[in-house]
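Any value given below was found using the heavy atoms of this structure, including those in side chains, with hydrogens, waters and symmetry copies removed.
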Amino acid sequence: MKIPAHARSERILRQRDGVSCGPAVAVVAGARLDPAYAAVLSDGRRFADEQRRVHAAVNRLWPRRLGLTPAGMTHALSAHRPYRWRLFRGKSDDLADVAGALASGVPVAMLIGNLIPRHWVLLTGVRGDDFRCYEPSSGSELPCGVDAIRHGRLEGLGFPRPFAFALPR
């Protein structure tokens, strides 16, 4: 599923608060994986309500104010298709598993930060040498260079360095 044009223009696909980037990413990924589930994106209120529901469902023991763990993200995504998570492997990471998933139309969640992991974004597709990336605090879909990921020089996503990926099994 593409992010609907009306949703992009109205910015209804924004995370609802400062700790809901993970749930927002999980909801958008779920909508891309499951057309029936995509109905939750019909308006900003339903999108925010679904973020709340997902956050409560996967963060039973982890404090909500600390966001969503990689295990929580894979749990949320696995409601639609089996997912696993893996750590970023540094400059030598060929990202072949990420590129392969995206080329087959399956989104990949990426946990980014500075010194510590702090923010989830969703890689949504491949265009040339770039991945497409949904950034939940702005609700925008932006280009994300493969080399920028490898070298920890991400721009426009709030943080420069990848830490982990949630990938399909």
Only one of Arg32, Arg81, Arg132 clears side chain to side chain contact (heavy atoms under 4.5 Å, CB included) with Pro107; which?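 Passing option: Arg32.
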Has Ser140 got a side-chain atom pairing as donor or acceptor with Leu142's backbone, closer than 3.5 angstrom? no
Using atom types as modelled and distance alone, determine if a side-chain donor or acceptor of Tyr37 lies under 3.5 Å from a backbone N or O of His80.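 No: the side chain of Tyr37 does not pair with the backbone of His80.
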Could you report the tightest heavy-atom contact between [X] and [Y], atom names first, then the distance?
X	Y	result
Leu33	Leu77	CD1-O, 4.5 Å
Leu68	Pro23	CD2-N, 3.9 Å
Gln51	Ser20	OE1-CB, 3.4 Å
Val25	Pro136	CG2-CG, 3.9 Å
Ala103	Val126	N-CG2, 4.2 Å
Met73	Ala109	CG-CB, 3.9 Å

In the hydrophobic cluster built from side-chain contacts under 4.5 Å, what are the other members alongside Leu87?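 Members alongside Leu87: Trp85.
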Flag the pair [X] / [Y] as yes when at least one side-chain heavy-atom distance between them is below 4.5 Å, and no otherwise.
X	Y	answer
Cys144	Asp130	no
Val108	Leu122	no
Phe131	Val98	yes
Leu102	Thr124	no

[atom1]-[atom2] distance between [X] and [Y], expressed to the nearest 0.5 angstrom:
X	Y	atom1	atom2	value
Cys133	Ile112	SG	CD1	7.0 Å
Gln15	Ser138	CD	OG	9.0 Å
Tyr134	Met110	OH	CE	14.0 Å

Tell me every residue that passes side-chain hydrogen bond (donor to acceptor under 3.5 Å, both in side chains) with His75, counting only those two or more places apart in sequence or in another chain.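 Here no residue qualifies.
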Of all residues at least two apart in sequence or in a different chain, which pass the side-chain hydrogen bond (donor to acceptor under 3.5 Å, both in side chains) check with Asp49? Arg52
Which pairs with one or both residues in residues 109-121 pass side-chain hydrogen bond (donor to acceptor under 3.5 Å, both in side chains), sequence neighbours excluded?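 Of all non-adjacent pairs touching residues 109-121, those that pass side-chain hydrogen bond (donor to acceptor under 3.5 Å, both in side chains) are His119-Glu135.
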Identify, with sequence neighbours excluded, every residue that meets side-chain contact (heavy atoms from CB on, under 4.5 Å) alongside Ser78. Tyr83
In a table with atom names and distances, give each donor-acceptor pair under 3.5 Å that connects a side chain of residues 149-166 to protein atoms at least two apart or in another chain.
residue	atom	partner	partner atom	Å
Arg150	NE	Asp93	O	2.9
Arg150	NH1	Asp147	OD1	3.3
Arg150	NH2	Asp94	O	3.1

